[in-house]
Each structure stands twice: as C-alpha cells, then as structure tokens.
Trainee: 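Below is one structure. I have some questions about it.
Just so it is clear, the model here is predicted, and its values are computed rather than measured.
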Amino acid sequence: MMQQQPVIFSVNGPVVKVRNQNIFSMMEMVYVGSRRLIGEVIGLTDTETTIQVYESTSGLRTGEPVEPTGAPMSVTLGPGIMTNIFDGIERPLRALESASGAFIGDGLDVPILDTEKQYDVTVKVRVGTMLQGGEVYASCPETSVILHLCMIPPNLSGKVVYAAPDGKYCINDEILRLEDAAGRVHSLTLCQKWPIRRARPAARRLAPSRPMITGQRVLDTLFPIARGGTAAIPGGFGTGKTMTQHQIAKWCDADIIVYIGCGERGNEMTQVLEEFTALKDPRTGKSLMERTVLIANTSNMPVAAREASIYTGITLAEYYRDMGYHIAIMADSTSRWAEALREISGRLEEMPAEEGYPAYLPSRLSEFYERTGAYEVLSGREGSVTVIGAVSPQGSDFSEPVTQNTKRFVRCFWGLDKALAYARHYPAINWTMSYSEYMDDLAQYYEREVDRRFIPDRTEISGLLKEEQTLMDIVRLIGSDVLPDDQKLVIEIARVIRVGFLQQNAYHAEDTYVPLKKQFRMMELILHVYHRAKDLIAERVPLDAITGSGIFEQIIKVKYDIPNRELQKFDTLTRSIDRKLDALRAQRKEAAL
Amino acid sequence: MSLQYIGLHSISGSLVVLDHVKGVQFDEMARIVLDDGTERTGRVAMLEGDKAILQVFEGTNGLSLSNSRTQFTGRPMEMPLSGDLLGRVFTGAGRPSDGLGEVMPETFRDINGQPLNPVSRQYPRNYIQTGISSIDCLMTLIRGQKLPIFSGTGLSHNKLAVQIVQQAKIAKEQGGEFAVVFAAMGIQNDVADYFRRSFAESGVLQNVVMFLNLANDPIVERIITPRCALTAAEYLAYEKHMHILVVMTDMTAYAEALREFSSSKGEIPGRKGYPGYLYSDLASLYERAGIIEGREGSVTQLPILTMPNDDITHPVPDLTGYITEGQIVLDRGLEQSGVYPPISVLPSLSRLMKDGIGEGYTRADHAAVANQLFAAYAQVQDARSLASVIGEEELSPLDRKYLEFGKYFEKCFLSQGFDENRSMEETLDLGWTLLSLLPESALDRVDDQVLKAHYDPEKAQALVEKVRE
C-alpha cells in the first residue's frame, strides 16, 4: 500500500510528531518542514513518530512535510575537523556565520567540512591489497601538527581494486575502490560518516597504566587521572570548573583536545577560541588550536542539539583515537546535557524519576563515560580517550541526581569547594572530598619516571592535610594556644602545603604548568623541613623561633622563585634552610647551657 | 490573510484552544477580538492536528467560548523599532504607555531574538567604572557582561542599581553613546516610580527606554517583557551603535510567572515546581548580552533578583549564577550594620574581570590588590567565627590584626555614600592602604616587588586615626 508523504501532526517546542507512518526508524535523521530543519527520530509507536528538532521550530506548521534520510544521526569524519568550531550537530560555526551573519538562522545547509581545501595525500596501499576495517589507506597533514590517517570504515573489508596516486585531493575525491567479499565495490574518499550514538569499535581495551599529566599539582600529585580515564569536576557556580578545564586543556599531555561547550556561556567559547589560538603550545611550538576542536552549543542554542553535542564530541574523539592519538575531552557541562535530557523527556511526557530527570539518566551517563578508555585500535596502534566532565550541581548540593549518578561512573572525583573559592584558593579542589581510583594503577609509573619516594611522599602530604583537619576541629573549639608545639607545627606545615603547594596561580608564567619533577622536589622540600622542624621541636626549640626565621614563607614562594628549568636551585635552597635550622638548634643549645 | 475563527474550543488559565484551524505556524501571533470590540494578543504555544493552543497575554478574564473572533497574523511576536525609542515608556508587552503615540518603526524584529554565533562574538575586555569601590576593585563590571545583583526583599538593590546607572562611565574615551534599557517585571508601582524619578533627577531619562510590567499586570505579559527590552537593546546596540546597559528587575518575579504559566499548561515540574527548562529559558535572556566582532556597540546586563528567604541555592539565583558571568551578592547582616552598599564580598565575583583589568585597562597592580583583599577578608571571617567562640582576647595577635583590618575594610572600603563616586585610582590605593594594616608576611598572594611598591603601614595608621576622629 502506498503511504502518503509524512507530514507534521503536532509541534510542541523542539518536539514534533508525525502520525500513521512506519517508514521511520529509531535515531534516524530527518528533515522537518519546508525549511528542512534537522531532526532525529526519538520515539516510535504504531501510530506516532516522535522527532526532536535541532533548530528553532518557530514558524513550523502542521501539514508541512517530514523527509526521512534513511541514516542515523551521523557526523562527517575527515580532515578539516582540527582547528574547527562546530555546533552540537557538527555544523561549522564559521560557515554558518558567513551564511547568516552574527546571529544563527534556521535551515541553513552548509557543508560540514571544507570541500574545497586540498590536502597533500599519500596513498599507502596498492591495488590487490586485502584491507580490514580500521586499516589505514592514506594519510595527509591536516594541520601543522596533526597527521590525518584515513582508515577503512570499521564495518568494511575487501580487496583494493583502485588506488589513486599520491597528490592533492579534496575531501570528496575518490582515493580508493574496495571490492568486498560479496563482490560489491565501495568508493572511499578522505572522509566517512559515523552515527554519533554508537561507539566506534576497537580491537582491545587496555588497562590504565600511565597518568595524563596536567601540570596542576593538586591533580597530578594527589588525584591523578589515567590516560583513558574519566574524571568529574563538580562545583557550584564561581568555583572554577571552567577555569580548571581550561588549564587542563592548555597543559595536559594529550595529543588532541576536544572541548565541548555544552549549554554554557557564549563568551566562554569566544574566550577559548581566542586564548587557544593565541597560546603557543609548549609541545609543538605552534598554536594550541592546531590540535584542538571545539564544539560550542551555548545555553541559548537549541536544546536538542545540546543533547547531541556530547555524542558528537566523543565520536570525533574516537575517530582520532583510531588513528593512534591520545585525546582529552573537556565536557563543560554534563549537567546541562542532563538538563537537556530532562527537558526533552518532559516534552515527551515521560514518567519522571528524581527531580524531574528521566529514569534513564544513569544509563545515558554510563553509556557516555564507558566510551572512554585506552585501546589497541583496529590498526594495531594505541590510542585513548580521556573525559573530564564538569558537573554543575543545583544549589551546589552534591547529593543531587546528576552529581550522584556521575560519581558512580567516573573514577576521579575532583570536588570544587565554595569556601576555598571564596578565599580565592585556586584551584578550589577540596582535598578531603576528592579522590582518584587510579593511584594504584599509576604507582609504577611514578616510581619509574619520577622517583621511588614519590608515592610515600604523597601519602605523607595527604596524611598531614588530614591531621590538620582533625586539629582544626579542636582549634575551632578552644583556640590554637592550647596545642603543643608539635601539633602547631602540623597546622603550620599544612598551611605551607595548602598555600605553597595546592594553590596554583594560572596567571603566573612559571606556576601555570609545573612538571612532575618539580612537583616532587616541592613535596620533598616541604617534608624535609617538616621532619627537621619536628626534630628541633623535640629538642625544645620553640615553634615561634622556627616560624620567625621565615623559612615557611620561603617555601611557599618556591613555586614562583624556582623556575621549572632550574630545579638544581632546590639544592641550594635546601642547604640555606638547613643552615638556618642548624643555627636555631645551636642557639637553643647555647641557651640550655 | 483575513481568515477569522469564531469562538474557542476551550479555555484553561491563560491558555485557549482553537479547533479546526489550518496553516497556523508554531510561535506565531494571533489577535483575538472580543464582541465588545476590545482586542487581546495570543501566541501559539502548541500545535496538534487541527488544534492550536494559544497563550493570551492579557489573560482570559471575560473570554467565553463564543464571544471572540481570532485572526492569525502569520508572524512571530515582533517589536517595532527605531532610534526614537529613547525616552519612551512601554508596557510589558512593548506597547507605548506614555501617551506619545505609536513608535514610527524603522524595522520589526522577532522578540525571541536568535542565538549569537560564538565565533561572531567579541570577548568583552573593556571595563565600566561604576565609582563603587567594592565593585570596581573586586568584581569589575565589563562591557558586554551579564552581572546580576543577588539581593533579598528589603535590601538596597534598587538604590545600588540607580547609583550604578548614574555613575557608570562607559566609553567616554571612545565617544560611543550610552543608554539604559530598563525592564520592570512584577515590581510594585512605587519601585517603578522610584526608578523613573531617580533617572529624571539625574537627567538620564532621555537616554532610558522603560518597559514596565508591574506587580498587578498579567503574568503572560511578564514573560515577554525582558524579551521586548532585550530586542530594543540589541537594536540600539548593534544597529545604532550605542552602549546599552540593561537593568532587569525582578528576575525572581519573571521566573515565578514562568512557573505559573508552565503549570497551567500541565507541564512536568522540575525543582521547586519550576519548569525543567528554566535554565534554557533564563539563558535565552542572559545570553543576549555581548559584543559583536567588528560592530560598535554593546549590550551589558545588570539583572536584579531577590533571593527568596535570602537563599542563594534557590533555583532562580542558582541557575542565574550558572549562566551569568559572576554575581554581586548583597548581605542582610551588612545592611543592618549600616553598610551601604551592603555587598558581600566573598561570594561575589566577576568572571570577566581578569581580562579587563591590569596594565592597559585599569592599573598593573589591580589583580594583586584584589586577590589579596579577597584572601585577607576570608581570614577575617575565620577570625570572627573563632572570636565568637573563644572570645577576642584569646585570639592570636595575627587574628586580632585581621579583625581590625575587617573593621576598617567595611567602614572605609565597602561603605560609601549614595553620591560618592570614587575613581579607580582612589579605590585601588585605598585597598593597599587597608592591606597595610596587616603584617607584611601575611600578604602571601602578592609578588614581593609589587608588595614593596605599595605596602605602607604609616599611611594605614593615618587612615585609622582619621576614622577614629
């Protein structure tokens, strides 16, 4: 029986329904209305098809056509992704700007990737070669620092029947023809498509064994994240989630940064674009943007595209992972994504669970976080996707559903603290609430690459912080005067750790990034002074005398005073501090005599 | 198109349902003419088959199922705009209410606006001097920023807003014109009048566009008031190249109107009964602040909201804080101890200030003094809570210093007169003078060199003596 052309039956915000059609499939991408707005099928019954629309539905009429595409919501993968800035469904914002000016219009049809730019392509295979999914058939320099590898789509394999010669090609030029086992011939270009809601396959998952080094002391030393790991940064507004993510993006040792601005501020994305472009990347000497892709679906852009932006981002990351790169995804903020789920769920009149969030919130979160990891990819290389997701808890209350459910699926928890932020202690990561489950996996790395004493030192530092907390409970009740000197020393040294080690100044040229070696030397210095001071106190040198010598202030300023490249200065400093302490001891002995 | 639909299918709250309609667009406007000749405006909120659900801005009182004829306009809600908007007063729905007649439109714009492309934005960098020490030094307002005032009922937020409007120095050096768009949502007549009078007295009224939806006006109208105001602001900023400061008060009343409207539509509520899309909805307003690359003109927002029960975790201040670029928090305790403006420094913040201060903008030492003031004032709070337990006498000498610093900080820095306009130089110097009350070793947020250049205990002592007299 011939069916009628599908038409819009109802419109409610971003949700459009079509009646009496059975040609659609779940998650299929569709064009809605005569302006051809992009939408996705999110619900099917025998009588009704529900579609979420990724653009503003203002002006849609009932009876306008809905056109199926036969393919799920997909992203285009190929050279041209790096340095670009996309919206939540991978429409390039720069192209949208030239199409509709400063304000984003509807129904704009722009090519996802630049179709006219030519790349220097090296074809790696010859006619007759058998190729499996994931194998590389061509490569081209995408930017000055990223070599793009073109891979056979994971679900395809066969024999090469045509291979283009090396040369300059655009992304839609034919590079390869592949004949599969059934005799069908597939034409391959420089780009391919992949559905955003399906994880790209890999050969084997690898155990986390290497940290992703961020140069931020509180993270690398106390709560490290592994390559291929997951971390959540929850914090109320103004506690520095975005700032922390910017710092990690700028300095971490991933090859590629995928920055997802999901329902956040427009000015923030502009800032990322400006700063990352201007920042000279210490790893490559070029602009950081050369190995960054931004996904910007700001809070005032359509909510359905915000929901998609997270998947778009992780799919792009997986594609580069398959080339053997290590990718760090900054997702700011996953709470906005959860809210987009809630908003759409509400429009669908689904039964809400906690606080109006749909009951499938935890499963969606886990699906997303489980797409991370370190892998042996199909071509045999190693690659990883690390996710750092900001969480914006309602009312700064960490017991709300998004924070709680996220906590179940991530292995690093970097809790930001309002009290620390108010005191302008940045990064405002609360050391009692935060944790990293990777420490055991990574211990070997620290021992091998930094020092055998790194782990014991770290344990001692966090022990001192813990002890301070206990002591402060007493001080808050009865004042600090009643404490004996050795306990006062713990409070003093904990202050040194907090101010001199945990606090890090993102705007200071030396302090913004600190290599592991210096982090270790700083810990060593603090603990060395602590042990010596403890001994002196046991010999009845008063704490006031030690404080009065100014050594604690000296240690606090080490982060500024000793440049990252001149770590030998730690030796001189240690010697000069030792001399001061020796002098105190001598004084005490004299006085005792 | 002059097709008219006679009668309605059903009425519920401010919503009416029309049956057997054809070709109606989602979001378009409709005119409902009653038999007595009066006219109301509606907007299509939902379409289903041949039914259209309209929200009626003026409310549905007096409507019956048979006494009206409805005509669809085929266009979304639009505002007539022209350069003559300045000095005019409109209702919350954007109709002239000052008796000066209709605006001669140069153009019409959809009041919902369109999202500004992040790549077309220019990152805000130029600061606005408000003449208020605490704001200028510690939470500098930047042109193109959205910086809300979190207040409570009975606090002096209105006075502060007026002072900011009167003293704000925008782009004097660049010669751009400065104007204010004022949107009142659900505020009392007296308050609206206070603003009007204050603007008139300071002679800025000719540069103000007012949109007034007062406490007794319909709530559906309240939902479009900020949209009308921002449409006017965007037009004046981006097409007439003016620097616009948008004052919107009270955002809590706006959110409550949204909640009322949402529940009348039978939507599933989120937190505290507010609709699940409150964040997106607020963002669609706040995100309209900004600067467009390559165009003269800017939209800066100063929304005011009253925190119900002074609770900063209430959904309205909470979601606002997540969208806006910082916040100015007022404190009842300070107000009661006679500090004006009662700005609670620690929870207040301006996210954009770091790039708009320092050398080339304000002064090279601005960031240093601001950081150190924040840190020192945080210590003051600790010392105070300790003192309240163990008594001031038992405090360590340093903590006692902090108490003293806190006292003079509130007295000399936070407090200032309603017509006292302090320059940036004055403010920053005052900050250093107060910090010099503390021992040098306690100032650990500052580079030694900067500290040496500004640390001056004698000056601090002189200030203390001056205050004592």
Trainee: Between Gln379(B), Glu267(B), Lys354(B), His314(B), which has the largest tally of heavy atom pairs under 4.5 Å with chain A?
Mentor: Lys354(B)
Trainee: Does any heavy atom of chain B fall under 4.5 Å from the side chain of Glu400(A), the backbone, both, or neither of them?
Mentor: neither
Trainee: At a heavy-atom separation under 4.5 Å, does Pro315(B) approach chain A through its side chain, its backbone, both, or neither?
Mentor: neither
Trainee: Could you check whether any side-chain heavy atom of Tyr426(A) comes within less than 4.5 Å of a side-chain heavy atom of Gln504(A), counting everything from C-beta outward?
Mentor: no
Trainee: At a 4.5 Å cut-off on heavy atoms, which part of Pro92(A) comes close to chain B: side chain, backbone, both, or neither?
Mentor: neither
Trainee: Taking side chain as everything from C-beta outward and backbone as N, CA, C, O, which of these in Pro317(B) sits under 4.5 Å from a heavy atom of chain A? Side chain, backbone, both or neither.
Mentor: backbone
Trainee: Considering only heavy atoms, which portion of Glu234(B) lies under 4.5 Å from any heavy atom of chain A: side chain, backbone, both, or neither?
Mentor: side chain
Trainee: Is there side-chain contact between Phe150(B) and Ile312(B), with heavy atoms separated by less than 4.5 Å?
Mentor: yes
Trainee: Counting heavy-atom pairs closer than 4.5 Å to chain B, which one of Gly356(A), Gly346(A), Gly266(A) comes out on top?
Mentor: Gly266(A)
Trainee: Heavy atoms, side chains only, cut-off 4.5 Å: are Val380(B) and Tyr402(B) in contact?
Mentor: yes
Trainee: In the structure I gave you, are the side-chain heavy atoms of Lys557(A) and Asp447(B) within less than 4.5 Å of one another anywhere?
Mentor: no
Trainee: Specify which of Asp355(B), Ile292(B), Leu319(B), Thr324(B) makes the most heavy-atom pairs with chain A at under 4.5 Å.
Mentor: Thr324(B)
Trainee: Does any heavy atom of chain B fall under 4.5 Å from the side chain of Leu96(A), the backbone, both, or neither of them?
Mentor: both
Trainee: Who among Glu64(A), Met269(A), Gln503(A) has the most heavy-atom pairs with chain B under 4.5 Å?
Mentor: Gln503(A)
Trainee: Can a donor-acceptor pair be found, under 3.5 Å and without considering hydrogens, that links the side chain of Asn297(A) to the backbone of Gly88(A)?
Mentor: yes
Trainee: Between Ser385(B) and chain A, with a heavy-atom cut-off of 4.5 Å, which part of the residue counts as in contact: side chain, backbone, both or neither?
Mentor: neither
Trainee: Applying the side-chain hydrogen bond (donor to acceptor under 3.5 Å, both in side chains) test to Glu274(A), which of Arg125(B), Arg121(B), Gln122(B) qualifies?
Mentor: Arg125(B)
Trainee: With a 4.5 angstrom heavy-atom cut-off, which part of Tyr357(A) approaches chain B: side chain, backbone, both or neither?
Mentor: neither
Trainee: Which atoms of Ile268(B) come close to chain A, meaning under 4.5 Å heavy atom to heavy atom: side chain ones, backbone ones, both, or neither?
Mentor: side chain
Trainee: Side chain to side chain contact (heavy atoms under 4.5 Å, CB included) with Leu443(B): which of Asp448(B), Val450(B), Leu451(B)?
Mentor: Leu451(B)
Trainee: Give the intermediate values and the outcome of salt bridge (charged side-chain N to carboxylate O under 4.0 Å, His left out) for residues Arg75(B) and Glu78(B).
Mentor: CA-CA 8 Å; Arg75(B) 309 203 61 87; Glu78(B) 284 178 334; 3.0 Å; yes
Trainee: Output the option from Val24(B), Asp311(B), Leu349(B) having the highest count of non-hydrogen pairs under 4.5 Å with chain A.
Mentor: Val24(B)
Trainee: Tell me which of these, Ala423(A), Gly105(A), Ala102(A), has more heavy-atom pairs under 4.5 Å with chain B than the rest.
Mentor: Ala102(A)
Trainee: If we define contacts as heavy-atom pairs under 4.5 Å, which of Ala378(B), Pro347(B), Gly270(B) has the most with chain A?
Mentor: Pro347(B)
Trainee: CD1 of Ile291(B) to OG of Ser120(B): how many Å apart, nearest 0.5 Å?
Mentor: 13.5 Å
Trainee: Of the backbone (N, CA, C, O) and the side chain (C-beta and beyond), which part of Tyr286(B) lies under 4.5 Å from a heavy atom of chain A, both, or neither?
Mentor: neither
Trainee: What part of Thr298(A) is in contact with chain B, defined as an atom under 4.5 angstrom from a non-hydrogen atom: side chain, backbone, both or neither?
Mentor: side chain
Trainee: Name the member of Met46(B), Arg271(B), Glu48(B) that forms the most heavy-atom pairs with chain A at distances under 4.5 Å.
Mentor: Arg271(B)
Trainee: Using a 4.5 Å cut-off on heavy atoms from C-beta on, say whether the side chain of Phe72(B) contacts that of Leu18(B).
Mentor: yes
Trainee: Of the listed residues (Arg306(A), Glu349(A), Glu350(A)), which shares the most heavy-atom pairs with chain B below a 4.5 Å separation?
Mentor: Arg306(A)
Trainee: Pick one of side chain, backbone, both or neither for Ala367(B), based on which atoms fall under 4.5 Å of a heavy atom in chain A.
Mentor: neither
Trainee: Is Tyr277(B) close to Val303(A) at the side-chain level, that is, under 4.5 Å between some pair of heavy atoms?
Mentor: no
Trainee: Tell me, for Glu553(A) versus chain B, whether the close heavy atoms (under 4.5 Å) come from the side chain, the backbone, both or neither.
Mentor: side chain
Trainee: Between Leu294(A) and chain B, with a heavy-atom cut-off of 4.5 Å, which part of the residue counts as in contact: side chain, backbone, both or neither?
Mentor: neither
Trainee: So which part of Ser396(B) gets closer than 4.5 Å to some heavy atom of chain A, the side chain, the backbone, both or neither?
Mentor: neither
Trainee: Between Arg91(A) and Asp87(A) (salt bridge meaning N to carboxylate O under 4.0 Å), is one present in this structure?
Mentor: yes
Trainee: Taking side-chain contact (heavy atoms from CB on, under 4.5 Å) as the definition, give me every residue that meets it alongside Ile390(B), ordered by chain and number, with sequence neighbours left out.
Mentor: Leu386(B), Glu394(B), Leu395(B)
Trainee: Heavy-atom distances under 4.5 Å only: say whether Arg445(B) touches chain A with side chain, backbone, both or neither.
Mentor: side chain
Trainee: Tell me, please, whether Tyr322(B) has Arg336(A) positioned over its six-membered ring: NZ or CZ under 6.0 Å from the ring centre and within 45 degrees of its axis?
Mentor: yes
Trainee: Quick check on Lys272(B) against chain A: is it the side chain, the backbone, both or neither that has a heavy atom closer than 4.5 Å?
Mentor: neither
Trainee: What part of Arg424(A) gets within 4.5 angstrom of chain B, counting heavy atoms only: side chain, backbone, both, or neither?
Mentor: both
Trainee: Would you mind checking which part of Arg288(B) comes under 4.5 Å of any heavy atom in chain A, side chain (CB onward), backbone (N, CA, C, O), both or neither?
Mentor: neither
Trainee: What residue in Pro352(A), Gly395(A), Ser335(A), Pro302(A) has the most heavy-atom pairs under 4.5 Å with chain B?
Mentor: Gly395(A)
Trainee: To the nearest 0.5 Å, tell me how far Leu60(A) CG sits from Phe26(B) CZ.
Mentor: 8.5 Å
Trainee: Mind checking whether Gln381(B) and Tyr422(A) have side chains closer than 4.5 Å, heavy atoms only?
Mentor: no
Trainee: Less than 4.5 Å apart, side chain to side chain, heavy atoms only: is that true for Lys51(B) and Val21(B)?
Mentor: no
Trainee: Check side-chain contact (heavy atoms from CB on, under 4.5 Å) between Ser100(A) and all other residues, then give those that pass, not counting sequence neighbours.
Mentor: Leu108(A)
Trainee: With a 4.5 angstrom heavy-atom cut-off, could you sort out which part of Lys241(A) is near chain B: side chain, backbone, both or neither?
Mentor: side chain
Trainee: Counting only non-hydrogen atoms closer than 4.5 Å, does Leu273(A) touch chain B with its backbone (N, CA, C, O), its side chain (CB onward), both, or neither?
Mentor: side chain
Trainee: Any chance you could lay out the side-chain hydrogen bond (donor to acceptor under 3.5 Å, both in side chains) test for Thr242(A) and Asp332(A), step after step, and finish with the verdict?
Mentor: CA-CA 7 Å; Thr242(A) 303; Asp332(A) 188 12; 3.0 Å; yes
Trainee: Picking from Asp27(B), Val345(B), Asn117(B), which has the most non-hydrogen pairs under 4.5 angstrom with chain A?
Mentor: Asn117(B)
Trainee: Heavy atoms only, distances under 4.5 angstrom: which of Asn267(A), Asn12(A), Thr270(A) has the most pairs with chain B? Name it, please.
Mentor: Asn267(A)
